[in-house]
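Every number for a ligand or one of its atoms is a count from 1 in the order of the listing. Computed over heavy atoms, backbone and side chain alike; hydrogens, waters and symmetry mates excluded.
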Amino acid sequence: MYILGIESSCDDTSAAVITDGGLLLSNVIASQKVHEEFGGVVPELASRAHQQNIVPVVDTALRRAGIERNQISAIAFTRGPGLMGSLLVGTSFAKGLSLGLRVPLVDVNHLHGHVLSHFVKRQPDDRVPEFPFLCLLISGGNSQLILVKSYNDMEVLGATIDDAAGEAFDKCAKVMGLPYPGGPHIDRLAKEGNPKAFKFARPQIPGLNYSFSGLKTSFLYTLRDALKSDPDFINKNKADLAASLQSTIIDILLAKLKKAVEQTGVRTVAIGGGVSANSGVRQAVADFCAARGLEAFIPERAFTTDNAAMVAMAGYFKYLDKDFCHYSEVPFARVSV
Ligand code: KG4
């Protein structure tokens, strides 16, 4: 069985091939540099770049997997959530190829893909999580605590009521004058800074929901006030600001994760999404799990950002269930897991 996965939800064009048991044969990602100078993803430019990238990316994925087009068993594609213009490119391409090759079409929720990326195997005996497990899904658009009961049964226990964790990283980084996306820059700077140098607001909201907008405002006000007396404040305190911001975000994330573990009694914890690439987050989750004797699944960095391996993986499970997608289905821009 060969499942071709296609991902085009935002600014990465990706194609991957997965075979029996979730074994990854190829995962090709073309990232778009065109957005850097604009300080964020420009939707129109993203869809144009997907149009240019999709044929060579799919071609390369098949070649690296060592298979021909006529060996493909099914085509899985990201149907949403994401940017509509970007999603349309992958969706239309997947539909066309599926019709041309006369193989089933499988639609994948991008967020399911992030959760199920933990089942992608590099080697046949790679370990995978056992159900049920908790997944902390943290990206530029989402921050959710998900109870994963099976491949296709997931319950959102908590989600952000305003900004996502990635937005908190990116917006604060922007205030510091760092390039977009700011998350990786904060991560790098934080390694040299003092996480206790500055104190920022922490949300006081009940339950398992998250909130990051108060932290963002508190960060902005700290900088605004300090800049009044010292115009060079950001430059002089870059590393300490980054370290303090990162440690506050980690504390917020971990507080609810701990609560969810206690409430559910689940013994396995996974993380996913772009922010799960953050070295501080990875270490904090690993330490937390080690201290409580929980099993931790920290994805390899290639699977933290948008990739088609996770789409092929989610598509694989739906293919096994014969849960196919009709050609009349259209992409969706917003939806929770
Ligand atoms: O899952 P993802 O690639 O896509 C979207 O949500 O669209 O996540 C992107 C987010 C951005 O906010 C980016 O700043 C953040 O993931 N990110 C990081 C790191 N790498 C990516 N945040 C903190 N530290 C990192 N190392």
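- Remark: aromatic rings of F131 and Y151 are close, center separation under 6.0 Å.
- Per-residue contacts place T305 under 4.0 angstrom from the following atoms of ligand 1 (heavy atoms of the residue considered): 3 (O).
- Annotation for A284 and I250: closest pair CB-CG2, 3.4 Å, computed over non-hydrogen atoms.
- In this pair, H114 and H110 present their aromatic rings perpendicular. The plane angle is above 60°, beyond the 30 to 60° band.
- Ligand 1 lies out of reach of R188, whose nearest heavy atom is not under 4.0 Å from it.
- Of the protein's heavy atoms, D187 OD2, 2.8 Å lies nearest to atom 26 (N) of ligand 1.
- The nearest protein atom to atom 22 (N) of ligand 1, hydrogens excluded, is given as G183 CA, 3.4 Å; this is a heavy-atom distance.
- Looking at A277, G274, P181 and measuring to atom 21 (C) of ligand 1, the nearest heavy atom belongs to G274.
- Residue-ligand proximity, G166 to ligand 1, at heavy-atom distances under 4.0 Å covers atoms 12 (O).
- When T304, T160, V275 are each tested for a side chain to side chain contact (heavy atoms under 4.5 Å, CB included) with I138, only one passes: V275.
- Of the protein's non-hydrogen atoms, D170 OD1, 3.8 Å is the one closest to atom 13 (C) of ligand 1.
- You'll find the side chain of D187 reaches within 4.5 Å of the side chain of Q246, heavy atoms only.
- Side-chain contact between L87 and T78 is present, with heavy atoms from C-beta onward closer than 4.5 Å.
- If you number the atoms of ligand 1 from 1 as listed, the ones under 4.0 Å from a heavy atom of G141 come out as 6 (O).
- Figure legend: R267 and F133 shown without cation-pi pairing, the cationic atom not lying both under 6.0 angstrom from the six-membered ring centre and within 45 degrees of its axis.
- Among all non-hydrogen protein atoms, the one lying nearest atom 5 (C) of ligand 1 is G140 N, 3.7 Å.
- Contacts of N278 with ligand 1, taken as heavy-atom pairs under 4.0 Å, involve both backbone and side chain.
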